[in-house]
Protein chains: 2
Amino acid sequence: MALTGAMTASPPSTRDKIMRAALECVAEDGFSAATTAAIAKRAGVAEGTLYRHFDSKDALFVAVYSRIKEHVFDSVMAETDASGSVEDRFRQLWRGVWNAYRADPAAFVYGQRFGEYPLSRQDSRPIHDGFVRHISALIRDGQSGGEIREASASVLRAFFFPPMVSMLKQAIAGHEWSQAELDSAIDTAWDSWRRPR
Amino acid sequence: MALTGAMTASPPSTRDKIMRAALECVAEDGFSAATTAAIAKRAGVAEGTLYRHFDSKDALFVAVYSRIKEHVFDSVMAETDASGSVEDRFRQLWRGVWNAYRADPAAFVYGQRFGEYPLSRQDSRPIHDGFVRHISALIRDGQSGGEIREASASVLRAFFFPPMVSMLKQAIAGHEWSQAELDSAIDTAWDSWRRPR
DNA sequence: GTCTATACAGGGATAGAC
DNA sequence: GTCTATCCCTGTATAGAC
């Protein structure tokens, strides 16, 4: 039940059930299949009930997206400390985000789909937006200390999340990444940031 | 008029106009807004005409996707030669794909959206599928020659297209990449593949 | 081959009882 | 707050004239 009401042991509220149902419908068959009827059925409530909790179907989708972003950010930050070397912080962040998404693949897929859905103009901040400041700080520290190459932060950022996201997609499609592959992915990512000699 | 009827100087056929209209509708406002009415209007034909050329709306979408893949692949391969060092081939391929997508941003966006659309199960080969063999050959050559690190090919591949795709998305969203940034992106990509010392 | 007109289904949203 | 029943619109697809 990760990402919706996960923190509380109490039974999920109707609102939570609706949000989780919407998330799963979209993750399984895309936005076009996520009709109000399908969502209500999966949540175990009547169709009309959706509109007691959300102004519209679109508002529901946006709310789900926001909650996913918050949850992933919080859960990564909870197990990340800002101490240690730049390289350690880099590796820790990489693993943290990876684990957060692996813990709830449906939420990950929802986020991906939402990003290509026109509705995303209403919450246009990308899924990893919360991490941008964090990553930028890492880059700044690493560049002033000489560990990280002198490329623009936007270029370096393109080598952090995108390869990971691509690997997550493959994992969800059934590809089993070995521990050695994961380690080497992190090594490869770090070597892309590292100052070359 | 790239990607649909671009090679011929003759006026586009009705079929081509429909395909291009579908491509642009999806690129601009997503699949949910790409109704048969919208597509027909943009193509300048009647709605019923769509069904003279395609069995269904979905068949149209799949046909457009296939054509994009073909076109990008062909146009990259046309200006790429397999000679030169592994590093040269790497850089050439990176630039070739980048340029192909920059030449038709709408086609690029269509490809991205299609990948998150459930219909993609009907043509589930990813957008860059044609390049996988090419890239795998590059990796094999580079690993046997010692230029490329000994990571699994699937890990290395995650550092080729995904960062580029991320940068293309930003470019389409209005971000202007300087020549220096592009060069350093390619350097960074290559350093992620390169054998570290 | 293309158009106009239309049949038919399905989806979002609301009304009103409980 | 939740359910049932229903309205209305939009979207896909077809029929048939030209």
Side-chain angles (χ1 to χ4, degrees), chain A residues 4-5 8 10-65 110 113-114 116-123, chain B residues 4-5 8 10-65 110 113-114 116-123:
Chain A
T4 42
T8 72
S10 57
S13 66
T14 298
R15 185 185 166 92
D16 283 343
K17 283 194 294 188
I18 292 170
M19 291 179 78
R20 186 70 206 175
L23 188 159
E24 290 173 356
C25 282
V26 170
E28 282 176 19
D29 297 306
F31 277 95
S32 31
T35 65
T36 50
I39 295 168
K41 184 177 179 185
R42 182 184 282 253
V45 301
E47 223 172 318
T49 303
L50 303 188
Y51 295 90
R52 291 283 143 190
H53 294 274
F54 301 93
D55 288 344
S56 67
K57 198 178 81 153
D58 284 358
L60 163 59
F61 287 152
V62 172
V64 169
Y65 183 67
Y110 184 98
R113 298 209 152 141
F114 190 89
E116 295 299 335
Y117 193 64
L119 193 56
S120 58
R121 286 172 187 160
Q122 283 184 32
D123 183 350
Chain B
T4 42
T8 73
S10 57
S13 65
T14 299
R15 186 186 164 91
D16 284 343
K17 284 194 293 189
I18 292 170
M19 288 179 81
R20 185 69 206 175
L23 189 158
E24 289 174 356
C25 282
V26 170
E28 283 177 17
D29 296 307
F31 278 94
S32 32
T35 65
T36 50
I39 295 167
K41 183 177 180 186
R42 182 183 283 252
V45 302
E47 223 172 319
T49 303
L50 303 189
Y51 295 90
R52 290 283 142 190
H53 295 274
F54 301 93
D55 288 344
S56 67
K57 200 178 79 154
D58 284 359
L60 163 60
F61 287 152
V62 172
V64 170
Y65 183 67
Y110 185 98
R113 297 209 152 142
F114 190 89
E116 296 299 336
Y117 193 64
L119 193 56
S120 58
R121 286 170 187 162
Q122 282 184 32
D123 184 350

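All values derive from a computational prediction rather than experimental measurement. The chains referred to below are lettered A, B, ... by the order of the sequence lines, with proteins before strands, and numbering in each begins at 1.
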> At their closest point, which heavy atom of B:Asp123 faces which heavy atom of B:Tyr65, and how far apart are they?
Replying inline: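 In this case the closest contact between B:Asp123 and B:Tyr65 is OD2-CD2, 3.4 Å.
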
> If we only count heavy atoms from C-beta on, is the B:His53 to B:Thr49 side-chain gap below 4.5 Å?
Replying inline: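 A side-chain contact exists here, since the closest heavy-atom pair is under 4.5 Å.
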
> Does a side-chain heavy-atom distance below 4.5 Å link B:Phe54 with B:Phe61?
Replying inline: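 Side-chain contact under 4.5 Å: no.
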
> With sequence neighbours excluded, what pairs up with A:Ser56 under the side chain to side chain contact (heavy atoms under 4.5 Å, CB included) test?
Replying inline: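 Applying side chain to side chain contact (heavy atoms under 4.5 Å, CB included) to A:Ser56 gives A:Asp58, A:Ala59.
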
Show every donor-acceptor pair shorter than 3.5 Å between a side-chain atom in residues 33-44 of chain B and any protein atom, with sequence neighbours excluded, or say none if there are none.
residue	atom	partner	partner atom	Å
B:Thr35	OG1	B:Ala38	N	3.1
B:Thr36	OG1	B:Glu47	OE2	2.8
B:Arg42	NH1	B:Glu24	OE1	2.9
B:Arg42	NH1	B:Glu28	OE2	3.4
B:Arg42	NH2	B:Glu28	OE1	2.7
B:Arg42	NH2	B:Glu28	OE2	3.2

>> Tell me which residues in residues 43-55 of chain A lie within less than 4.0 Å of DNA chain C, going by non-hydrogen atoms.
In response: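 When residues 43-55 of chain A is checked for heavy atoms under 4.0 Å from DNA chain C, the hits, listed by number, are A:Glu47, A:Gly48, A:Tyr51.
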
> Can you pull the contact range of chain B along DNA chain D, 5' to 3', using atoms under 4.0 angstrom from its heavy atoms?
Replying inline: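 With heavy atoms of chain B under 4.0 Å away, the range is D:dG11 to D:dT14.
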
>> I need the B:Leu60 CG to B:Lys57 NZ distance, nearest 0.5 Å.
In response: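 Reported value, rounded in 0.5 Å steps: 9.0 Å.
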
>> How long is the straight-line distance from CD1 of A:Ile18 back to OH of A:Tyr51, given to the nearest 0.5 Å?
In response: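 If I round to the nearest 0.5 Å, the distance is 10.5 Å.
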
>> Under a 3.5 Å distance rule, please check whether A:Tyr117 uses its side chain to pair with a backbone N or O of A:Gly30 as donor and acceptor.
In response: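 No; judged by distance alone, with no hydrogens or angles, the pair does not exist.
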
> When you measure from every atom of DNA chain D, which of residues 27-36 of chain A have a heavy atom less than 4.0 Å away?
Replying inline: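 Of all residues in residues 27-36 of chain A, none places a heavy atom under 4.0 Å from DNA chain D.
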
>> So, using side chain to side chain donor-acceptor pair (under 3.5 Å) as the criterion, who are the partners of B:Arg113 when residues are at least two apart?
In response: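 Applying side chain to side chain donor-acceptor pair (under 3.5 Å) to B:Arg113 gives none.
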
